[in-house]
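All remarks here apply to the structure that follows.
The basis for the numbers below is simple: all heavy atoms, side chains too, and nothing from hydrogens, waters or symmetry mates.
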Amino acid sequence: MTHIADLRKSYERAELNEDASHADPLKQFEQWLKEAISAEVPEPNAMTLATVASNLRPSTRVVLIKGFDARGIVWYTNYDSRKGLELAGNPFAALQFHWVELERVVRIEGVVEKVSAEESNTYFHSRPLDSRIGAWASPQSQVISGRGVLVANAARYGAQFLLNPPRPPHWGGYRLKPDNWQFWQGRKSRLHDRLQYRLDAASAAGQGWIRERLAP
């Protein structure tokens, strides 16, 4: 069996430099996300979400990006889940995209807020029926006795709501408002390209970005 410590890969697909990157990190992210989708990498919309509990223990999980614009990055989940409870106590979080086939990583940090009820309603009602019922059926992050609990809950709520389940009050969207972005492109000999964008507090309204290179 191959020793884990001996597993290595040479990164040689592309490069990332200051001249060829966007001055606005949102535009750089949009370009890379489009390229990941075009390359048909598995689940290009999957991102790791890291939160920190009140006891300072971090936790991570994979969620799916559902939208992004100048206001931030959006995903949807159960507000009563572990991540929801941790965000309620500490609204700062981090996201990470890892597009292995493109040898790219994007890291995003910032403060998180709930999206409006209108946004959550619109997205919820665009979901497949099974997913809408599932939002009611799963007491996310809670201990259950077995899968039968989920099946029974799904049957009960399906019979109750038929084709029109409303959005559960415990389910909706979050938006992370970035104050730091990092773009990592794998390079040969572990001399990777790593660009950071951080908010420039001295700029107009504090909305400008400083772009700088970090050692990998």
Side-chain angles (χ1 to χ4, degrees), residues 29-30 33-34 36-55 57-101 106 108 110-178:
F29 172 71
E30 182 177 22
L33 178 58
K34 286 181 177 178
I37 294 172
S38 296
E40 298 183 345
V41 304
E43 294 198 278
N45 55 333
M47 56 188 184
T48 299
L49 165 65
T51 56
V52 178
S54 58
N55 62 2
R57 290 184 66 116
S59 62
T60 65
R61 72 287 291 159
V62 175
V63 297
L64 301 179
I65 183 175
K66 293 300 179 181
F68 67 94
D69 55 26
R71 296 173 297 170
I73 309 294
V74 174
W75 69 94
Y76 291 85
T77 191
N78 187 314
Y79 291 144
D80 294 334
S81 64
R82 178 177 177 178
K83 56 186 171 297
L85 297 178
E86 290 181 352
L87 287 170
N90 176 12
F92 293 96
L95 300 170
Q96 177 172 288
F97 292 83
H98 187 191
W99 297 309
V100 177
E101 293 77 6
V106 179
I108 314 166
V111 67
V112 178
E113 62 184 14
K114 290 181 178 179
V115 306
S116 68
E118 290 76 17
E119 288 178 86
S120 290
N121 287 336
T122 297
Y123 175 69
F124 182 79
H125 292 293
S126 74
R127 305 178 83 207
L129 177 60
D130 287 351
S131 296
R132 284 178 279 154
I133 293 296
W136 284 95
S138 175
Q140 194 173 108
S141 299
Q142 296 182 27
V143 175
I144 58 176
S145 59
R147 183 173 177 79
V149 173
L150 300 178
V151 175
N153 285 350
R156 175 162 60 91
Y157 285 115
Q160 177 180 344
F161 296 128
L162 300 177
L163 298 178
N164 296 297
R167 177 174 66 89
H170 58 263
W171 191 97
Y174 287 105
R175 176 178 288 107
L176 183 142
K177 302 166 61 177

Between [Y] and [X], is there a side-chain heavy-atom distance shorter than 4.5 Å?
X: V63; Y: W75; answer: yes
X: I65; Y: V74; answer: no
X: V106; Y: I108; answer: yes
X: K83; Y: T77; answer: yes
X: T51; Y: F92; answer: no

Could you report the tightest heavy-atom contact between [X] and [Y], atom names first, then the distance?
X: E86; Y: A53; value: OE2-CB, 3.5 Å
X: L162; Y: A159; value: CD2-O, 3.7 Å
X: V115; Y: S120; value: CG2-OG, 3.2 Å
X: L150; Y: S138; value: CD2-CA, 3.9 Å
X: G110; Y: L176; value: N-CD2, 3.9 Å

Would you give me the side-chain donor-acceptor pairs under 3.5 Å for residues 141-149, sequence neighbours excluded?
residue	atom	partner	partner atom	Å
S141	OG	R82	N	3.0

Inset, instruction - Could you give me the CA-CA distance, side-chain angles and deciding distance for L87 and Y174, then say whether side-chain contact (heavy atoms from CB on, under 4.5 Å) is met? - result: CA-CA 10 Å; L87 287 170; Y174 287 105; 4.0 Å; yes

Would you mind writing out the side-chain donor-acceptor pairs for residues 126-135 within the sub-3.5 Å range, not counting sequence neighbours?
residue	atom	partner	partner atom	Å
S126	OG	Y123	O	2.6
R127	NH1	S131	O	3.2
R132	NE	R127	O	3.0

Inset, instruction - Kindly compute the distance separating CG (L95) from CZ (F29), expressed to the nearest 0.5 Å. - result: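 CZ of F29 is found 8.5 Å from CG of L95.
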
Inset, instruction - First locate atom CG of D80, then atom NE2 of H170, and finally report the distance between them rounded to the nearest 0.5 Å. - result: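 It is 6.5 Å, given to the nearest 0.5 Å.
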
Inset, instruction - Could you tell me which residues satisfy side chain to side chain contact (heavy atoms under 4.5 Å, CB included) with F161, sequence neighbours excluded, listed by chain and number? - result: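 Counting only residues at least two positions away or on another chain, F161 forms a side chain to side chain contact (heavy atoms under 4.5 Å, CB included) with W136, Y157, P165, P166.
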
Legend entry - For I37, side chain to side chain contact (heavy atoms under 4.5 Å, CB included) partners two or more places apart: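 I37 satisfies side chain to side chain contact (heavy atoms under 4.5 Å, CB included) with L33, P44 only.
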
Legend entry - Full working for side-chain contact (heavy atoms from CB on, under 4.5 Å) between K177 and E113: CA-CA 8 Å; K177 302 166 61 177; E113 62 184 14; 3.7 Å; yes

Legend entry - Donor-acceptor pair, side chain of Y79 and main chain of G173, under 3.5 angstrom: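 Present.
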
Inset, instruction - Give a yes or no on whether the backbone of S59 and the side-chain of R61 come within a donor-acceptor separation of less than 3.5 Å. - result: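 Flag set: sc R61 to bb S59 pair under 3.5 Å.
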
Inset, instruction - Evaluate side-chain contact (heavy atoms from CB on, under 4.5 Å) for L49 paired with T60, printing each intermediate quantity in order. - result: CA-CA 5 Å; L49 165 65; T60 65; over 6 Å; no

Legend entry - ring pair (Phe, Tyr, Trp, His ring centres under 6.0 Å) partners for W171, two or more places apart: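 W171: ring pair (Phe, Tyr, Trp, His ring centres under 6.0 Å) contacts with Y76, F124.
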
Inset, instruction - Could you list all the side chain to side chain donor-acceptor pair (under 3.5 Å) pairs where at least one residue sits in residues 158-167, not counting sequence neighbours? - result: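 The answer is N121-R167.
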
Legend entry - Modelled atom types, side-chain donor and acceptor of S116 and E119, under 3.5 Å: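 Yes, side-chain donor-acceptor contact under 3.5 Å.
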
Inset, instruction - Would you sort out whether M47 and I73 count as a side-chain contact (heavy atoms from CB on, under 4.5 Å), showing the intermediate values? - result: CA-CA 11 Å; M47 56 188 184; I73 309 294; 4.0 Å; yes

